[in-house]
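Report on the structure given below.
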Amino acid sequence: MAEVLIKVDLKESPYTNEKIHNRWHPDIPMAVWVEPGDDFILETYDWTGGQIKNDDDASDVRDVELPQVHFLSGPVGVKGAAPGDLLVVDILDIGAKPDSLWGFNGFFSRQNGGGFLTDHFPDAQKSIWDFEGMFTRSRHVPGVRYAGLIHPGLIGCLPDHAMLDMWNTREKALFDSDPERVPPLAALPDGGKTAHMGKLTGEVRDKAAAVAARTVPPREHGGNCDIKDLSRGSRIYFPVYVDGAGLSMGDLHFSQGDGEITFCGAIEMAGWTHLKVSLIKDGMAKYGIKNPIFRPSPITPQYGNHLIFEGISVDEQGKQHYLDVHVAYRQACLNAIEYLKKFGYSGAQAYAILGTAPVQGHISGVVDIPNACATLWLPTDIFDGDLMPGPDGPMKLVDGSVDIPIAPDL
Ligand code: ZN
């Protein structure tokens with residue numbers, strides 16, 4: 001049995017655990033050290049550090065303190081790792097903590113960052129998803145059940161000082177182009193009050209925390225990529241920027257649709273990951289690698305039948321956009337939601353299904369001016385009834401007796 005190198009107690013605040021951190025900074029000390037070839041287990045909080053409860057009240061999603069996120073386990077130092085190497089990470093296995101066999105999906109209110117469809121779903125809402133072994137279903141979203149494809153939403157290595165400076169400079173420039181925007185254009189370092197810098201203490205801690213990068217966006221090192229296929233059985237190759245590499249991870253998802261469109265997010269959960277690490281010396285230059293690459297798992301849920309929704313880069317107001325895949329994917333998602341509503345789902349339930357189920361998103365065309373085409377692949381076998389169109393019209397899959405709890409803005 002592999003050793004659990006980082007333990008988390010879900011009853012304790014993550015701020016009391018010095019092997020947890022919630023910012024990126026090269027001075028965060030390694031929480032633990034391992035040798036190349038070692039395998040070990042890291043336990044992780046859910047991304048909010050336990051702020052969301054298993055109940056039928058969405059006010060915790062409305063009131064969530066986002067400057068606290070994401071709580072990561074690490075950094076794990078790998079002996080001999082040096083800048084320019086590739087850190088090879090095998091996700092040998094991954095699962096939920098036995099004392100926490102459930103996860104949550106939420107929509108943030110616009111004031112709290114909103115989501116992909118925040119104009120259509122402006123209020124905070126929350127659905128709870130229970131785990132039955134490898135399957136999940138929700139008391140708030142009946143008529144649907146599917147196998148999980150568990151993955152870390154966030155995993156990557158520590159940046160060096162030059163990379164951190166580059167991130168902060170370019171993100172500030174974007175933020176400054178429209179500083180009053182709600183939600184903001186970027187999540188900048190926020191002074192460090194809610195920063196958890198691991199083992200770093202005192203003045204050194206305060207100085208680093210003030211400029212440490214937020215964990216919100218994916219960056220060159222990987223980070224918050226939210227790739228559903230980076231799951232159990234994957235092998236990932238990470239660029240190394242600092243001595244020891246400093247691998248950190250968290251934000252486990254039981255399942256997620258491509259795009260993580262609900263933002264809070266997939267089916268979010270606390271859990272554990274069994275990892276194995278090794279090194280490719282000077283691998284970044286040898287393979288011309290700037291961003292991580294990975295081989296997906298040999299084991300994935302088999303949902304071969306899809307109903308595919310198309311979307312083009314013309315927005316809800318009929319405005320033409322130039323090859324904009326963000327707009328096109330939004331239209332594909334909205335088309336799928338309208339369709340699911342005909343089967344008895346509320347709009348919120350349909351939105352939650354697209355955010356959590358193993359839905360595929362594809363960029364289908366980016367050259368046919370002026371319209372990009374994006375497609376949303378909805379697996380039909382996850383539903384309790386027939387989802388295909390027919391001469392008799394849609395059958396009701398659900399009776400509307402339950403919906404996803406809502407917490408209007410205060
Ligand atoms: Zn997440």
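Quick note: numbers below take in every heavy atom, side chains included, and nothing from hydrogens, waters or symmetry partners. When a residue number appears, it is its place in the shown sequence, counting from 1. Counting starts at 1 for both ligands and their atoms, following the listed order.
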To the nearest 10°, how many degrees is the angle E268 OE1 to the Zn ion (ligand 1) to D251 OD2?
130°
Would one find an N, O or S atom of [X], in either backbone or side chain, under 2.8 Å from the Zn ion (ligand 1)?
{"X": "H253", "answer": "yes"}
{"X": "D226", "answer": "no"}
{"X": "D46", "answer": "no"}

Geometric cation-pi criterion R137 and W129, 6.0 Å radius, 45° cone:
no
Can a donor-acceptor pair be found between the side chains of H70 and N22 at a distance below 3.5 Å?
no
Quick one: ring pair (Phe, Tyr, Trp, His ring centres under 6.0 Å) partners of F309, sequence neighbours excluded?
Y339
Mind checking whether W24 and H221 have parallel, tilted or perpendicular rings, split at 30° and 60°?
perpendicular
